Participant: 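Got a structure for you, written out below as structure tokens; questions coming shortly.
Within every chain, numbering begins at 1; the chains are lettered A, B, ... in the order of the sequence lines, protein sequences first and strands thereafter. None of these values were measured; they are calculated from a predicted model.
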Amino acid sequence: MLREKTIDLEVPDGFSFWTTVGFSGWRELAPYLYVKGSKSLVRFHGLSDGKVVRITAEQGAEDAITLSLESVEELDGNDLEEIRNTMRTSLSMDFDLTSFYDLIEGYPEFSWVAEIGLGRGLRSPTVFEDVVKTICTTNASWGLTKGICRRLCEKLGAQLEEGISTFPTPGALASATEEFLRREVKSGYRSRYLMELGVKIESGELDPEAWWGSDADISSLKTEILAVKGVGEYAANNILQLLGRYDFLALDSWMRKRFSEIYGNGEPVTDDEIEEHYAQFGRWKGLVMNMEMTKEIRLSVSP
DNA sequence: GCGTCCAGGTCTACC
DNA sequence: GGTAGACCTGGACGC
């Protein structure tokens with residue numbers, strides 16, 4: 001028998017739940033669960049005191065999101081505050097996009113971005129989870145990425161009910177063997193990278209959470225991220241974007257193909273040419289490119 | 001149902 | 001510094 005509770009989460013001015021969740025692929029990766037057309041987002045989350053909770057977030061009053069909570073154990077005040085912080089982080093509420101919107105004001109072709117409040121995206125409550133998920137997107141189809149994330153939760157996460165599990169902790173990854181990850185999670189050659197990530201975090205050698213809000217200059221930060229095994233140019237730039245840093249372009253095969261369709265008549269385009277095209281947008285170039293490349297998809301999906 | 005081919009980034013060895 | 005090949009899974013395709 002699960003205990004139920006509902007709380008509100010205040011949102012910043014201009015925040016749109018739909019545009020933050022509705023256009024982000026991360027919503028399809030466990031322990032998130034998004035039912036198409038439902039307008040709500042579910043997350044199975046492990047709290048720091050060991051309790052496991054199912055969080056269902058949906059737009060409530062204009063200035064708030066409603067969080068419906070289900071748990072086996074009673075949730076106290078500290079748990080509720082942790083859940084609010086988890087969702088605030090996951091929904092990128094702390095991102096300051098003022099200078100981004102100021103910048104695109106000078107570009108009428110991007111007026112649609114401000115009109116529907118785009119810019120934020122769904123991320124994970126921890127940098128660790130985002131690094132794991134990013135590694136799982138490399139050299140993999142989207143279906144494979146979803147499968148690996150689902151199996152990571154099923155095999156190594158904490159369980160709320162049968163078949164419903166949280167994202168594994170670094171410790172859980174560290175204690176798994178490469179053979180187990182290959183056989184049960186089917187993460188292939190990435191298994192070694194995932195295990196190594198967990199071990200380094202557990203031993204204190206690596207602290208990805210320190211990257212969040214880091215004062216380090218962007219190049220030093222990127223060098224540190226690139227030192228993680230399994231993280232190359234694309235993955236590092238994607239992780240930086242999940243940290244709210246858009247100084248680089250996260251170019252994968254889909255982005256290159258899309259750019260070529262829009263600007264190159266379908267002919268191959270070099271990364272340098274793409275870089276040159278977006279250089280005028282400075283530290284926001286990664287976000288501008290993401291918006292432009294996915295414009296048709298975003299405008300075709302109505303809230 | 002089975003076998004083959006291909007797509008998807010990163011790492012490592014080699015030049 | 002640049003390049004080729006290996007890594008692994010799952011989907012598409014042909015037989």
Participant: Applying side-chain contact (heavy atoms from CB on, under 4.5 Å), can you list everything that pairs with T138(A), at least two apart in sequence or on another chain?
Facilitator: R190(A), Y234(A), A235(A)
Participant: Can you pull out the residues from residues 129-137 of chain A that lie within a 4.0 Å heavy-atom distance of DNA chain B?
Facilitator: none
Participant: If you count every heavy atom of other residues, nucleotides or ligands that lies below 6.0 Å from K186(A) atom NZ, does the total exceed 12?
Facilitator: no
Participant: Under a 4.0 Å N-O cut-off, is there an ion pair linking E74(A) with K5(A)?
Facilitator: yes
Participant: For chain A and DNA chain B, what are the first and last nucleotides along the strand, 5' to 3', with at least one atom under 4.0 angstrom from a heavy atom of the protein chain?
Facilitator: dG8(B) to dT12(B)
Participant: Under the 6.0 Å and 45° cation-pi test, does K222(A) pair with F248(A)?
Facilitator: yes
Participant: With the threshold set at 4.0 Å, does a side-chain nitrogen-carboxylate oxygen contact exist between E261(A) and R258(A)?
Facilitator: yes
Participant: Have a look at G143(A) and say if it touches a base, only the backbone sugar-phosphate, or nothing, with a 4.0 Å heavy-atom cut-off.
Facilitator: nothing
Participant: Return the residues of residues 253-270 of chain A meeting this criterion: a heavy atom under 4.0 Å from some atom of DNA chain C. Order them by number, or give none.
Facilitator: none
Participant: Between H277(A) and F259(A), how do the two ring planes meet: parallel, tilted or perpendicular, split at 30° and 60°?
Facilitator: perpendicular
Participant: Within 45° of the axis and under 6.0 Å from the centre of the six-membered ring of Y32(A), does NZ or CZ of R43(A) qualify?
Facilitator: yes
Participant: Quick check with a 6.0 Å cut-off and a 45 degree axis cone: is R123(A) positioned over the face of W212(A)'s six-membered ring?
Facilitator: yes
Participant: Is it true that the NZ or CZ of R27(A) lies under 6.0 Å from the centre of Y34(A)'s six-membered ring and within 45 degrees of the ring axis?
Facilitator: yes
Participant: Which heavy atom of A158(A) sits nearest to which heavy atom of V52(A), and what is that distance?
Facilitator: CB-CG2, 3.9 Å
Participant: Using a strict cut-off of less than 4.0 Å between a Lys/Arg side-chain nitrogen and an Asp/Glu carboxylate oxygen, indicate whether E28(A) and K146(A) qualify as a salt bridge.
Facilitator: yes
Participant: What nucleic acid atoms does V228(A) come within less than 4.0 Å of, heavy atoms only: base, sugar-phosphate, or nothing?
Facilitator: sugar-phosphate
Participant: For the pair E209(A) (side chain) and F128(A) (backbone), establish whether a donor and an acceptor sit closer than 3.5 Å, ignoring hydrogens and angles.
Facilitator: yes
Participant: Do L47(A) and V53(A) make a side-chain contact, defined as non-hydrogen atoms from C-beta onward lying under 4.5 Å apart?
Facilitator: yes
Participant: Roughly what angle, to 10°, lies between the helix axis at the start of the helix from dG1(B)-dC15(C) to dC15(B)-dG1(C) and the one at its end, five pairs per end?
Facilitator: 30°
Participant: Assert yes or no for the condition that the ring centre distance of F281(A) to Y107(A) is strictly below 6.0 Å.
Facilitator: yes
Participant: Verify the ring-centre separation between F167(A) and H45(A): is it less than 6.0 angstrom?
Facilitator: no
Participant: In the 5'-to-3' direction, what one-character label does each nucleotide of nucleotides 3-9 of chain C receive under the scheme B = base within less than 4.0 Å of a protein heavy atom, S = sugar-phosphate only, - = no such atom?
Facilitator: ----BSS
